[in-house]
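Below, read A as the first sequence line, B as the second, and so on, with proteins coming before strands; counting in each chain starts at 1. Below, each value reflects all heavy atoms present in this structure, side chains not excepted, and no hydrogens, waters or symmetry copies.
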2 protein chains.
Amino acid sequence: MVSEPEVNAVRAAPNRRAQILRAAAELFAERGFHGVTIEELGRAVGTSGPALYRHFPGKDALLAAMLLEVSERLEADGRARVHAAAGPAAALDALLRGHVAFALGEPALITVHDRELGNVREPDRREVRRLQRAYAEQWVGVLARLRPGLPPDVVRAAVHSAFGLLNSTPHSAGSLPAADMGALLFRMGRAALLAPFPGE
Amino acid sequence: MVSEPEVNAVRAAPNRRAQILRAAAELFAERGFHGVTIEELGRAVGTSGPALYRHFPGKDALLAAMLLEVSERLEADGRARVHAAAGPAAALDALLRGHVAFALGEPALITVHDRELGNVREPDRREVRRLQRAYAEQWVGVLARLRPGLPPDVVRAAVHSAFGLLNSTPHSAGSLPAADMGALLFRMGRAALLAPFPGE
DNA sequence: CACCGATGTTAATGGTCGCTAACATCGGCG
DNA sequence: CGCCGATGTTAGCGACCATTAACATCGGTG
């Protein structure tokens with residue numbers, strides 16, 4: 001027990017930062033930001049406690065980095081998909097496919113992403129919001145082209161509702177094979193967004 | 001400052017318990033269970049701090065009471081609506097209408113209801129789960145009758161996804177008049193649940 | 001009208017938690 | 001091969017927080 005303290009001393013830090021973020025996402029998703037202690041975060045990556053401060057200036061900063069990373073990733077991916085698509089219909093399908101893949105692949109990140117923004121302090125919080133908004137506007141732009149004549153705030157509300165549907169994955173995780181779940185979410189999301197809306 | 005301590009001493013307790021639960025729902029929805037202190041809960045209802053313990057044995061018990069109440073309400077209301085409906089199609093519409101009204105009327109409760117179950121301790125937690133499951137099964141039963149031949153786990157997954165859509169209200173609150181938002185959610189939910197699914 | 005139960009108040013307590021300090025170990029580089 | 005930066009470790013420290021204690025006030029009731 002005390003025999004080999006140096007074995008895991010410096011060992012294994014190929015990418016500690018990323019490893020911490022991954023583990024933290026799981027824990028935050030399960031118990032919430034305030035429900036997880038620094039000690040637990042450390043233990044989840046094999047180190048214990050305050051080793052975290054070698055990689056992040058504090059718990060808040062860790063959460064901020066996590067949300068910035070994921071919202072950037074979503075936005076960039078969304079933008080790429082829209083640009084690569086032939087028309088609005090193809091773009092919507094591409095956005096749906098991308099979001100579904102993300103939600104199924106990283107349910108913890110998706111959960112934290114839309115629950116914990118309130119715990120990010122002001123400089124970063126604005127940036128995360130900006131990226132989230134930019135991502136949503138990709139969807140809004142595509143849907144508006146697909147359904148001209150629909151008021152912009154209705155389009156926006158519809159898009160956010162669709163996000164709610166797609167992000168619900170964590171609640172029903174495992175009840176279906178991932179491929180089937182993906183197909184289900186894709187079709188439900190598509191149907192919801194293309195349904196006849198009020199005011200048309 | 002010290003002049004009139006007795007003014008608000010016993011005053012105003014027509015239904016403190018309900019008042020506390022309502023205020024607590026708002027705070028828990030905003031900052032999460034662990035992000036709210038007893039002192040804040042007290043201040044939100046005009047009393048300060050430990051007065052809470054006259055109405056609940058502890059913070060945990062407060063959350064448990066809240067989740068039990070809302071899940072009971074959903075289940076009972078859902079059951080009533082299904083029984084009153086003429087057929088499965090009418091039942092689905094009634095369930096949708098009820099859930100939408102609830103989500104728009106009490107967004108904070110909806111939020112806490114599907115985020116904070118993890119902070120409820122074991123005796124009550126099981127009961128909340130049971131009620132949530134019973135409510136979901138109302139939907140599953142109706143949808144299964146509407147779409148025979150669909151595998152039960154697909155039906156269940158679809159229902160939970162629809163919940164995600166309907167419960168997304170808090171994220172887009174206020175961007176649309178409540179009536180319009182209600183109509184939008186109703187139509188999107190309906191379209192999503194009746195969309196052609198994989199495996200049919 | 002004295003008493004009591006319901007409901008509050010402030011002060012104290014014990015535990016937990018984020019964070020800092022002080023010290024150790026290792027790989028790489030001059 | 002000795003030094004240094006990166007990365008860990010354990011021990012404390014100060015703050016916060018849920019809960020309890022001790023004490024007050026009011027309305028109603030016998």
Side-chain angles (χ1 to χ4, degrees), chain A residues 1-24 27-28 30-66 112 116 118-121 124, chain B residues 1-24 27-28 30-66 112 116 118-121 124:
Chain A
M1 218 172 233
V2 192
S3 52
E4 324 231 2
E6 65 285 351
V7 161
N8 61 354
V10 173
R11 271 306 156 55
N15 210 356
R16 257 300 147 80
R17 186 191 159 90
Q19 188 189 6
I20 292 172
L21 285 174
R22 212 170 331 122
L27 290 171
F28 288 164
E30 262 175 49
R31 309 213 287 280
F33 179 70
H34 291 293
V36 180
T37 77
I38 293 283
E39 175 64 31
E40 287 171 315
L41 288 173
R43 201 176 320 139
V45 296
T47 88
S48 208
L52 260 175
Y53 293 92
R54 300 296 175 191
H55 304 275
F56 299 92
K59 201 186 176 192
D60 295 3
L62 193 159
L63 177 65
M66 190 167 116
V112 177
E116 304 288 6
N119 290 315
V120 177
R121 294 207 199 289
D124 298 312
Chain B
M1 218 173 230
V2 194
S3 52
E4 325 230 0
E6 68 283 352
V7 161
N8 63 352
V10 173
R11 271 304 156 55
N15 208 355
R16 256 302 146 78
R17 186 191 159 89
Q19 189 189 5
I20 292 171
L21 285 173
R22 212 171 330 123
L27 290 172
F28 288 165
E30 265 175 48
R31 309 212 287 280
F33 179 70
H34 291 293
V36 180
T37 76
I38 294 282
E39 175 64 30
E40 288 171 314
L41 287 173
R43 201 176 319 139
V45 296
T47 88
S48 207
L52 259 175
Y53 292 89
R54 300 297 175 189
H55 305 274
F56 299 91
K59 202 187 175 191
D60 294 3
L62 193 159
L63 177 65
M66 190 167 116
V112 176
E116 305 288 4
N119 291 315
V120 176
R121 294 207 198 288
D124 298 313

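- The distance from atom CZ of A/F56 to atom P of D/dG8 is 12 Å, rounded to the nearest whole Å.
- When the side-chain nitrogen and oxygen atoms of A/R16 are compared with OP1 and OP2 of D/dG8, one or more of them lie within a distance under 4.0 Å.
- If you take CG of A/L62 and C1' of C/dG18, they are 13 Å apart, rounded to a whole angstrom.
- Contacts of A/V45 with the nucleic acid, taken as non-hydrogen atoms under 4.0 Å apart, are absent.
- Regarding A/E39, its CD atom lies at a distance of 18 Å from the P atom of C/dG15, rounded to whole Å.
- In this structure, CG in A/D124 is found 13.5 Å from CE in A/M66, a value given to the nearest 0.5 Å.
- In this structure the side chain of A/L52 reaches within 4.5 angstrom of the side chain of A/I20, judged on heavy atoms.
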Report task. Take A/R22 and A/Q19, measure what side chain to side chain donor-acceptor pair (under 3.5 Å) needs, and give me the verdict at the end. Result -> CA-CA 5 Å; A/R22 212 170 331 122; A/Q19 188 189 6; over 6 Å; no
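- Each of D/dC17, C/dT9, C/dT7 was ranked by its minimum atom distance to the side chain of B/T37; first place goes to D/dC17.
- A/L52 has its CG atom 12 Å from the P atom of C/dT20, to the nearest Å.
- What you find for A/G35 and A/E40 is that their closest heavy atoms are O-OE1, 3.9 Å.
- Remark: B/H34 is not in phosphate contact with C/dC17, judged by side-chain N or O atoms under 4.0 Å from OP1 or OP2.
- Put simply, NE2 on B/H55 and CG on B/L62 are 10.5 Å apart, with the number rounded to the nearest 0.5 Å.
- Among all heavy-atom pairs drawn from B/L27 and B/A44, the shortest one is CD1-CB, 4.0 Å.
- With B/K59 contributing its side chain and B/V36 its backbone, the two residues share a donor-acceptor pair below 3.5 Å.
- As a whole-Å value, the separation of A/H55 NE2 from D/dT9 C1' is 13 Å.
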Which atom pairs link the protein and nucleotides 19-21 of chain D when you take only N or O atoms and keep those under 3.5 Å?
| from | atom 1 | to | atom 2 | distance (Å) |
| --- | --- | --- | --- | --- |
| D/dT19 | OP2 | B/Y53 | OH | 2.8 |
| D/dT19 | OP2 | B/K59 | N | 2.9 |
| D/dT19 | O5' | B/Y53 | OH | 3.2 |

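- As a whole-Å value, the separation of A/N119 CG from C/dG18 C1' is 14 Å.
- For the pair B/R17 CZ and C/dA6 P, the interatomic distance rounds to 15 Å; values are reported in whole Å.
- Atom CD1 in A/I20 sits roughly 12 Å away from atom C1' in D/dG8 (whole-Å rounding).
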